[in-house]
There are 2 protein chains.
Amino acid sequence: MDKEKRKELEEKGFQIGSAAEFLGLTPEEEAFIEIRLELSSLIKSRRNKLGWTQQQLATAIGSSQSRIAKMEAGDSGITLDLMIKTLLKLGVSKQEIGKLLEGNLEMV
Amino acid sequence: MDKEKRKELEEKGFQIGSAAEFLGLTPEEEAFIEIRLELSSLIKSRRNKLGWTQQQLATAIGSSQSRIAKMEAGDSGITLDLMIKTLLKLGVSKQEIGKLLEGNLEMV
DNA sequence: TTTAATTATGTCAAATATGACATATTACGA
DNA sequence: TCGTAATATGTCATATTTGACATAATTAAA
């Protein structure tokens, strides 16, 4: 089952609802985490594609390298707001973000 | 120009970067705000479609009525995280959210 | 209008995210 | 190997968001 997955998520700091503690994540919890992971994944691949370091990206959005690292690691304690702002700064359009969530974006 | 729009945004609490103070929003700022408005708009229409009151929705997501009202008003001080969680609780799928951002979702 | 239900607005203490910073770890040439 | 750039991990004070609550404004039905 998802014991391994859950352990991984909890290490990243996610708080899993008690009802899901033994029965697995609710579909909503799953979808929410999927969205986060897909966004962070796109951040990493787009940054690499542009050849930027984490420090360069951090400066571009007025943040710090450590925060970029946490974003790309899918860590909790990072808001979707920060991820979306970062993606936009990387040149990813609203439409591309939409495609990503639909499952229609090849991230290269 | 966007003086009216800016005033409206500032009333909602948005902090507009100083460089954009007179020259207008950057494309990234614009896109970010658009995303927020589209999500809040979908929250309102979906809730109404289901015939839920703000209080009912608030209870469903473990929040409060005032927070729902602020979300639907496109107020700042509401994270995308909360909006996304709310949409998922309303039965909106990740794919539908993607379509929304792409501009391919008829909100009825 | 009068009433009741719903929604909007404002405030608060507690919880969480923030950038900055230090430092550990890894990756990769020379 | 060694040295260095890049990335990961952890901590901190500050800022922002949180749900809860009070209450005003709006809406709708009688």
Side-chain angles (χ1 to χ4, degrees), chain A residues 7-18 29 32-33 35-37 39-90, chain B residues 7-18 29 32-33 35-37 39-90:
Chain A
K7 203 175 122 233
E8 185 191 332
L9 289 173
E10 284 175 346
E11 277 167 2
K12 288 180 191 299
F14 285 102
Q15 194 67 7
I16 313 292
S18 63
E29 286 173 330
F32 186 72
I33 289 175
I35 289 173
R36 292 180 56 90
L37 294 181
L39 293 178
S40 74
S41 187
L42 182 56
I43 289 172
K44 184 166 198 167
S45 68
R46 236 359 134 80
R47 179 179 64 80
N48 284 326
K49 190 170 183 177
L50 295 175
W52 292 10
T53 65
Q54 290 184 343
Q55 181 57 64
Q56 287 177 304
L57 177 54
T59 300
I61 66 169
S63 184
S64 52
Q65 179 267 326
S66 61
R67 201 137 280 271
I68 306 291
K70 281 159 193 163
M71 256 197 287
E72 294 185 353
D75 229 45
S76 77
I78 302 280
T79 58
L80 289 179
D81 299 68
L82 187 58
M83 294 198 211
I84 297 286
K85 282 180 186 168
T86 303
L87 283 170
L88 294 172
K89 207 68 175 182
L90 283 168
Chain B
K7 203 175 123 235
E8 185 191 331
L9 289 172
E10 283 174 346
E11 277 167 2
K12 288 179 191 294
F14 285 103
Q15 193 69 7
I16 312 292
S18 62
E29 287 173 329
F32 185 71
I33 289 175
I35 289 173
R36 292 180 56 89
L37 294 181
L39 293 179
S40 74
S41 188
L42 182 56
I43 288 171
K44 184 166 198 167
S45 69
R46 235 3 133 80
R47 178 179 64 80
N48 284 326
K49 190 169 185 178
L50 295 175
W52 292 9
T53 65
Q54 290 183 344
Q55 181 57 64
Q56 287 176 303
L57 176 54
T59 300
I61 66 168
S63 184
S64 52
Q65 178 267 327
S66 61
R67 200 136 282 271
I68 306 290
K70 282 159 193 163
M71 257 196 285
E72 294 185 354
D75 227 47
S76 76
I78 302 281
T79 58
L80 290 179
D81 298 68
L82 187 58
M83 295 197 209
I84 297 286
K85 281 180 188 169
T86 302
L87 283 170
L88 294 173
K89 207 68 175 181
L90 283 168

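Just so we're on the same page: letters track the sequence lines, and every chain starts at 1. It should be emphasised that the depicted structure is a prediction, and the values quoted were computed from it without experimental measurement. Any value given below was found using the heavy atoms of this structure, including those in side chains, with hydrogens, waters and symmetry copies removed.
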Starting from [atom2] on [N], measure out to [atom1] on [X] and report it in whole angstrom.
| X | N | atom1 | atom2 | answer |
| --- | --- | --- | --- | --- |
| A:Asp75 | D:dT11 | CG | C1' | 14 Å |
| B:Gln56 | C:dT7 | CD | C1' | 13 Å |
| B:Lys12 | D:dT17 | NZ | P | 15 Å |
| A:Ile78 | D:dG10 | CD1 | P | 14 Å |
| B:Gln55 | D:dG19 | CD | C1' | 12 Å |
| B:Trp52 | C:dT7 | CH2 | C1' | 18 Å |
| B:Met71 | C:dT6 | CE | P | 18 Å |
| A:Met83 | C:dT18 | CE | C1' | 14 Å |

Legend entry - Among C:dG19, D:dG19, C:dA8, the nucleotide that comes nearest once only the side chain of B:Gln54 is considered: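 When the side chain of B:Gln54 is considered, C:dA8 is the closest of C:dG19, D:dG19, C:dA8.
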Legend entry - A:Lys44, nearest nucleotide to its side chain (from D:dT18, C:dT9, D:dA8):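 For the A:Lys44 side chain, the nearest candidate turns out to be D:dA8.
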So, OP1 or OP2 of [N]: does either fall under 4.0 Å of a side-chain N or O from [X]?
| X | N | answer |
| --- | --- | --- |
| A:Thr79 | C:dA17 | no |
| B:Arg67 | D:dT17 | no |
| B:Arg47 | C:dT6 | no |
| A:Thr53 | D:dA6 | no |

Between [N] and [X], counting only base atoms on the nucleotide and side-chain atoms on the residue, is there a donor-acceptor pair under 3.5 Å?
| X | N | value |
| --- | --- | --- |
| B:Ser66 | D:dC21 | yes |
| B:Gln65 | C:dA8 | yes |
| A:Lys70 | C:dG19 | no |

Inset, instruction - Assign A:Ser64 to base, sugar-phosphate, or nothing according to its heavy-atom contacts below 4.0 angstrom with the strands shown. - result: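 Base contact.
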Inset, instruction - Assign B:Ile68 to base, sugar-phosphate, or nothing according to its heavy-atom contacts below 4.0 angstrom with the strands shown. - result: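 No contact.
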Inset, instruction - Evaluate the side-chain proximity of A:Lys85 to A:Ile61: yes if any heavy-atom separation is below 4.5 Å, no if none is. - result: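 No, their side chains stay 4.5 Å or more apart.
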Inset, instruction - Using a 4.5 Å cut-off on heavy atoms from C-beta on, say whether the side chain of A:Gln54 contacts that of A:Glu72. - result: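 SC-SC contact between A:Glu72 and A:Gln54 confirmed.
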Inset, instruction - Show the numbers, then the answer: is there a side chain to side chain contact (heavy atoms under 4.5 Å, CB included) between A:Phe32 and B:Leu87? - result: CA-CA 10 Å; A:Phe32 186 72; B:Leu87 283 170; over 6 Å; no
Inset, instruction - Indicate yes or no for a side-chain donor-acceptor contact from A:Arg36 to the backbone of A:Asp75 under 3.5 Å, with no hydrogens or angles considered. - result: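 Looks like yes, one N/O pair under 3.5 Å.
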Inset, instruction - Under the side chain to side chain contact (heavy atoms under 4.5 Å, CB included) rule, what do B:Leu50 and B:Leu57 come out as? Steps first, then yes or no, please. - result: CA-CA 10 Å; B:Leu50 295 175; B:Leu57 176 54; over 6 Å; no
